[in-house]
Amino acid sequence: MRFLLDDEQREFGRTLGRMLAAADTPAAVRAWGAGDHGPGRAVWRRLGEAGVFGLAVPEKYGGSGFLPVELVVAYVEAGRHAAPGPLVETAAAAVLLGRLGDAGLTGGRLPAVTAGDWLPAVAAGDATVSYADLARGPYALDAAAADAIFAVRGDTLWRPGRGGAAQPSVDPARLLSRCATDDGDILASGPAVRDAAAYAADTARLLTAAQALGVGRRLLDDTVAYVGQRTQFGVAIGSFQAVKHRLADVLVALEFAGPLVLGAAVELAGGTTDGGEGPAGAGTGIAMAKVAAGEAAYAAARAALQLHGALGYTDELDLSLWIRKARALRDAWGTPAECRARVLASPAPGR
């Protein structure tokens, strides 16, 4: 089976790429890591105006409905341009709130005002939201910059009142803060929360894979351009066979990961996961995509670091922003070992 984007989807990606290229995202990322969220918020609003966050929000809350393929297109571009902020977590929270809100839950579950208050603002890019699945750890990404934090533990959804101090990170623009488990408002509880959280986690894993794919492609493009300019012994180092083979390996890994990410998005659009509701479906495919994209991006980062020589170790070079992000995305929302275990645990086709 081939997974090809249609003309409208490709143009959507190209438009986002041009918009982000004009937004000077490296400067926004550096400011974000230093605690100045203003430039990053400006990028965020532009993404909202382009309809990116609305792709995770139901139509009745001002979104476009849940469109996983278009979300993947957008998040690949976000990774290619290193857009800052809790992009994945905001989309995951929107999916969680949207599914609970769409179910019409009342009586101690999600109040309609919660979905109605937050989802229109998320769709418009006016709200930055972080989301933590405490089964994966007690941390929320970019809590200091978020307008709201939503957290799930077991079958309970609540809104923590505060986030703890930011922890050191391999990527300074991805700061994790410990959620306060003794403070906040319980919003919902019950099996519906558990099922919606499983679906949101699969969405987060897929979009993290899409971001990693974009990061890997950017690292490969920049490295190919560099080895074509850097000379040694009077010739470009890109003409050396060892360099060609190293970059070819990265290209193959990225080309292999791309269809897996798109294929998982198509399956998720069908509404099935093996994480908590529905028959075995997109969950396994998403885990495969996450492994492939994460490892490909990490391989691209290692190749970029080596082939740029001493320049690759400098913080002043913008390349470092993508190198660090590749390492963080490789483990976010599912380490390679966890995702491989999920794939191995899934039933074989036809069984």
Side-chain angles (χ1 to χ4, degrees), residues 41 44 47-48 51-58 60-68 71 74-75 78 83-103 105 109-163 174-177 179-180 184-189 192-208 210-211 268 273 275-276 332-334:
R41 287 275 196 168
W44 194 277
L47 289 171
V52 171
F53 302 117
L55 297 170
V57 175
K60 72 177 183 179
Y61 296 116
S64 305
F66 184 48
L67 300 174
L71 274 169
Y75 277 66
L87 299 167
V88 167
E89 289 69 22
T90 292
V95 169
L96 174 70
L97 296 178
R99 290 182 77 82
L100 292 177
D102 279 348
L105 302 180
R109 296 181 180 176
L110 184 68
V113 68
T114 301
D117 281 354
W118 285 104
L119 290 180
V122 167
D126 294 332
T128 303
V129 176
S130 190
Y131 170 65
D133 185 340
L134 299 189
R136 303 199 51 79
Y139 298 102
L141 180 67
D142 291 324
D147 299 306
I149 305 170
F150 294 97
V152 169
R153 180 171 54 196
D155 61 359
T156 301
L157 167 67
W158 89 99
R159 184 180 169 191
R162 65 186 187 278
R174 289 177 56 87
L175 300 180
L176 296 172
S177 299
C179 289
D185 300 320
I186 293 179
L187 302 175
S189 62
V193 172
R194 188 184 299 272
D195 290 345
Y199 201 90
D202 274 336
T203 300
R205 196 169 294 116
L206 173 64
L207 298 184
T208 302
Q211 268 194 305
L268 188 60
T273 78
W333 290 100

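Scope of the values below: all heavy atoms of this structure, side chains included, with no hydrogens, waters or symmetry mates. Since the model is a prediction, treat every value here as computed from it, not as a measurement.
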Open item on the list: Quick check: closest heavy atoms across Pro58 and Leu119, and the distance to 0.1 Å?
Closed with: CD-CD1, 4.3 Å
Task: Gln211 side chain near Val88 side chain, heavy-atom distance below 4.5 Å - done: yes
Open item on the list: Any non-hydrogen side-chain atom of Leu47 less than 4.5 Å from a side-chain atom of Leu87?
Closed with: yes
Task: Non-hydrogen atoms of Trp158 and Val152 that approach each other most closely - done: CZ3-C, 4.3 Å
- [ ] Measure the spacing between CG of Leu55 and CG of Leu71 and express it to the nearest 0.5 Å.
- [x] 4.5 Å
Open item on the list: Distance check, rounded to the nearest 0.5 Å: Thr203 atom OG1 versus Leu96 atom CG?
Closed with: 10.0 Å
Task: Donor-acceptor contact below 3.5 Å, side chain Ser130 vs main chain Leu141 - done: yes
- [ ] Taking all heavy atoms of Val95 and all of Ala200, pick out the closest pair and write down the distance.
- [x] CG1-CA, 4.3 Å
Task: Flag side-chain contact, heavy atom, 4.5 Å: Leu157 against Ser189 - done: no
Task: Side-chain heavy-atom pair Phe66, Arg99 within 4.5 angstrom cut-off - done: no
Open item on the list: A side-chain contact here means heavy atoms from C-beta on lying under 4.5 Å apart; do Arg174 and Asp142 qualify?
Closed with: no
TODO: Check Ala332 against Thr208 and note the closest heavy-atom contact, atom names and distance.
DONE: O-CG2, 3.7 Å
Open item on the list: Once you measure the plane-to-plane angle for Trp44 and Phe53, does it fall in the parallel (<30°), tilted (30-60°) or perpendicular (>60°) bin?
Closed with: parallel
Open item on the list: If you define the side chain from C-beta out and look only at heavy atoms, does anything of Tyr199 sit under 4.5 Å from Arg194?
Closed with: no
Open item on the list: Tell me if a side-chain donor or acceptor on Tyr61 pairs with a main-chain N or O of Ala94 at a distance below 3.5 Å.
Closed with: no
- [ ] For the pair Arg205 and Asp202, find out whether any cationic side-chain nitrogen is under 4.0 Å from an anionic carboxylate oxygen.
- [x] yes
- [ ] Could you tell me which non-hydrogen atom of Ala143 sits nearest to which non-hydrogen atom of Ile149, and how far apart they are?
- [x] CB-CD1, 3.5 Å
Task: Heavy-atom pair of closest approach, residues Ala93 and Tyr131 - done: CB-CB, 3.9 Å
- [ ] Would you check if the side chain of Asp147 reaches a backbone N or O of Val129 as a donor-acceptor pair within less than 3.5 Å?
- [x] no
Task: Interatomic distance, Thr128 atom OG1 to Arg41 atom CZ [nearest 0.5 angstrom] - done: 3.5 Å
Open item on the list: Are the side chains of Ile186 and Thr156 in contact, using a 4.5 Å heavy-atom criterion?
Closed with: yes
Open item on the list: Let me confirm one number: the OH-CG distance from Tyr139 to Asp133, rounded to the nearest 0.5 Å.
Closed with: 15.0 Å
